[in-house]
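Take a look at the structure below.
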Amino acid sequence: MRSPKDFFAPLAVGAPAPVREIPPLPSRMIHFFDPGNEKMVAKAPDIATKVDVLLGNLEDAVRADRKEAARQGLVDVAKANDFGQTQLWTRVNSLDSPWVLDDLITLVTEIGDKLDVIMVPKVEGAQDIHYVDRLLAQLEARAGLTEPLLVHAILETASGVANVEEIAGASPRMQGISLGPADLAASRRMKTTRVGGGHPGYLVRTDPTGDDLTEGRTIYQQDLWHYTVARMVDACAANGILPYYGPFGDIRDVVACEDQFRNAFLLGCVGAWSLHPAQIDIARKVFSPEPSDVAWARRVIAAMGDGTGAVMIDGKMQDDASFKQCGVVAELADALAARDPELAAAYDAATKEALENA
Ligand SMILES: CC(C)(COP(=O)(O)OP(=O)(O)OC[C@H]1O[C@@H](n2cnc3c(N)ncnc32)[C@H](O)[C@@H]1OP(=O)(O)O)[C@@H](O)C(=O)NCCC(=O)NCCSC(=O)C[C@](C)(O)C(=O)O
Ligand SMILES: [Mg+2]
């Protein structure tokens, strides 16, 4: 572990200084595309206008014999386009794979100035982040980059979950963590075969009302991911970085996808992955607070003045702590409104109405 005094020092001579705070840029949907797939590449510029983050995926879902093509495809896409406010991320291959070294060398050297975040899969502990941290510093120095690349870890091994707090704090480059439910399920030897989402067998049942154990007993399906997401959220919040739900593999089931995304949003996540264009609007809807919630938050903030004391609004007690909760919603709304004029107008209209009717 580095001395706290050295934590923000560059790890290579000539590398840019690490950031002290992770920029709270909108990242409601991290849209995955395969940069070696011509159809997806053709759609990328248009999709970039609809998403907060476009991610060129080089890892799983890219066939072994297409790895080099995907890597080169991402270099070409990045060089040929200016995505404006939309961030460009990549997911490199895992650290034990034969491709990751060339992924990092090529991407940082060729398009390091275009990339914002490098997602690292199957992170097991702080040692994996330390390895990437030093290597990136060396490559940044050699490429003459002036802004440091940030790192995002995927939580998809049992060791990763056991070490999630140390992963979140392993480097000032750490931008966030996403849940990787498919690999995590395999690593834990869970008996699911899905990519995220629930399972009808994971349930609790109400008590029997008589001798018949099968009659009149309601079952409630439980969320398989609650523990992991909650733990990830705490690890991220405690280290000033951002948590994300990952993928929802049943593309057709837009209803359950929305539910899973919303659970994550309510627990503290700032975004999720979209694997297919159909999931982009779901993430936008879920990870943008409702205008009525924003209006309420702004109303409480206005009524609370300096944020101390207690007041009653519509029969509900508000104090310093609810003021802070409302601050979370209002700050998120402001950040999203700055990027999305339609959302800004909806938030302002709802606020005006709420204040007029107060
Ligand atoms: C699911 C698939 C195969 C269905 O692809 P499809 O072509 O069969 O679907 P479609 O509905 O027929 O597609 C309609 C059109 O949209 C295009 N399209 C379709 N998807 C995209 C996209 N993402 N971006 C841009 N364009 C897309 C597609 O090419 C097609 O174009 P066309 O109309 O010209 O023919 C396809 O959507 C896909 O490959 N998506 C990305 C999958 C991926 O990245 N998986 C890895 C992340 S999840 C993961 O790794 C797990 C994790 C975290 O590691 C762990 O839990 O362990
Ligand atoms: Mg995975």
Side-chain angles (χ1 to χ4, degrees), residues 2 9-16 18-19 30 32-37 41 53-79 87-157 159-160 163 166-168 170-178 180 182-184 186-187 246 273:
R2 271 190 276 168
L11 284 176
V13 176
V19 292
I30 302 169
F32 271 57
F33 78 105
D34 173 354
N37 177 318
V41 168
V53 177
L54 191 62
L55 180 145
N57 174 39
L58 308 185
E59 201 224 7
D60 292 357
V62 174
R63 286 165 47 120
D65 61 359
R66 298 288 302 162
K67 294 288 187 187
E68 277 84 9
R71 186 192 299 140
Q72 187 55 46
L74 181 56
V75 170
D76 296 342
V77 167
K79 286 190 170 171
Q87 297 178 65
L88 182 64
W89 295 16
T90 185
R91 176 170 80 169
V92 294
N93 284 286
S94 61
L95 297 179
D96 60 356
S97 76
W99 304 290
V100 65
L101 189 57
D102 287 332
D103 290 345
L104 290 169
I105 292 172
T106 304
L107 297 180
V108 179
T109 308
E110 299 271 335
I111 54 167
D113 55 336
K114 296 271 195 153
L115 285 173
D116 295 289
V117 176
I118 296 186
M119 188 180 268
V120 181
K122 303 179 177 70
V123 171
E124 307 249 28
Q127 71 278 6
D128 289 340
I129 302 300
H130 295 161
Y131 168 77
V132 173
D133 201 5
R134 177 79 75 174
L135 183 55
L136 286 180
Q138 293 168 341
L139 294 170
E140 286 168 343
R142 202 170 64 174
L145 298 186
T146 52
E147 301 286 332
L149 286 153
L150 300 182
V151 169
H152 182 113
I154 313 181
L155 200 55
E156 52 184 352
T157 67
S159 301
N163 297 321
E166 67 166 46
I167 292 169
S171 158
R173 288 185 198 275
M174 281 300 298
Q175 177 274 343
I177 302 182
S178 286
D183 271 301
L184 180 55
S187 167
W273 301 5

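Counting begins at 1 with the first residue of the sequence. All of these numbers come straight from a predicted model, not from anything done at the bench.
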Q.
As a quick check of understanding, evaluate side chain to side chain contact (heavy atoms under 4.5 Å, CB included) for Leu145 and Asp113, giving each step before the final call.
A. CA-CA 6 Å; Leu145 298 186; Asp113 55 336; 4.2 Å; yes
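- Atom CG of Leu11 is separated from atom CZ of Arg173 by 7.0 Å, given to the nearest 0.5 angstrom.
- Closest heavy-atom contact between Arg71 and Trp99: NH2-O, 3.4 Å.
- Using a 4.5 Å heavy-atom cutoff, the side chains of Asp133 and Val151 are not in contact.
- By the 4.5 Å heavy-atom criterion applied to side chains, Leu107 and Leu115 are counted as neighbours.
- The minimum heavy-atom distance linking Glu156 with Pro121 is given by the pair OE2-CB, 3.3 Å.
- Side-chain contact between Asp116 and Leu150: absent, with no pair of heavy atoms (C-beta onward) separated by less than 4.5 Å.
- To the nearest 0.5 Å, the span separating CG on Leu101 from CG on Asn93 amounts to 11.5 Å.
- Distance check, rounded to the nearest 0.5 Å: OG of Ser187 to CG of Leu155 gives 10.0 Å.
- Residues Ile118 and Val132 have side chains not in contact (no heavy-atom distance under 4.5 Å, counting atoms from C-beta outward).
- Using a 4.5 Å heavy-atom threshold, the side chains of Glu59 and Lys122 count as touching.
- The heavy-atom pair separating Pro148 from Pro18 by the smallest distance is CG-CA, 4.1 Å.
- Ile129 contributes atom CD1, which lies 4.5 Å from atom CE of Met174 (distance to the nearest 0.5 angstrom).
- Considering only heavy atoms from C-beta on, Arg142 comes within 4.5 Å of Ile105 through its side chain.
- For the residue pair His152 and Ser178, the shortest heavy atom distance occurs at NE2-OG, 2.7 Å.
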Q: Carefully, step by step, assess Ile154 and Arg91 under the rule side chain to side chain contact (heavy atoms under 4.5 Å, CB included).
A: CA-CA 10 Å; Ile154 313 181; Arg91 176 170 80 169; 3.5 Å; yes
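- Glu147 CD: 12 or fewer foreign heavy atoms inside a 6.0 Å radius.
- Although no hydrogens or angles enter the test, the distance criterion places a donor-acceptor pair under 3.5 Å between the side chain of Lys67 and the main chain of Val62.
- Contact check for Leu58 versus Pro35: side-chain heavy atoms found under the 4.5 Å cut-off.
- Of all non-hydrogen atoms in Pro16 and Glu140, the two that sit nearest each other are CD-OE1, 3.6 Å.
- Atom-to-atom distance recorded for Leu88:CG and Leu74:CG is 6.0 Å, nearest 0.5 angstrom.
- Ring pair Trp273/Phe32 is parallel by interplanar angle, where below 30° counts as parallel and above 60° as perpendicular.
- Residues Ala141 and Ala15 approach most closely at CB-N, 3.7 Å, considering heavy atoms.
- Side-chain contact between Glu124 and Asn163 is absent, with no heavy-atom pair separated by less than 4.5 Å.
- Between the CD atom of Glu110 and the CD atom of Gln72 there is a distance of 7.0 Å, given to the nearest 0.5 Å.
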(Q) Applying side chain to side chain contact (heavy atoms under 4.5 Å, CB included) to Leu149 and Val108, what does each step give before you reach the verdict? (A) CA-CA 9 Å; Leu149 286 153; Val108 179; 3.8 Å; yes
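- We find that Asp34 and Arg63 are not joined by a salt bridge, their nearest charged nitrogen and carboxylate oxygen being 4.0 Å or further apart.
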Q: Verify side chain to side chain contact (heavy atoms under 4.5 Å, CB included) between Gln138 and Leu104, making sure each step is shown before the conclusion.
A: CA-CA 11 Å; Gln138 293 168 341; Leu104 290 169; over 6 Å; no
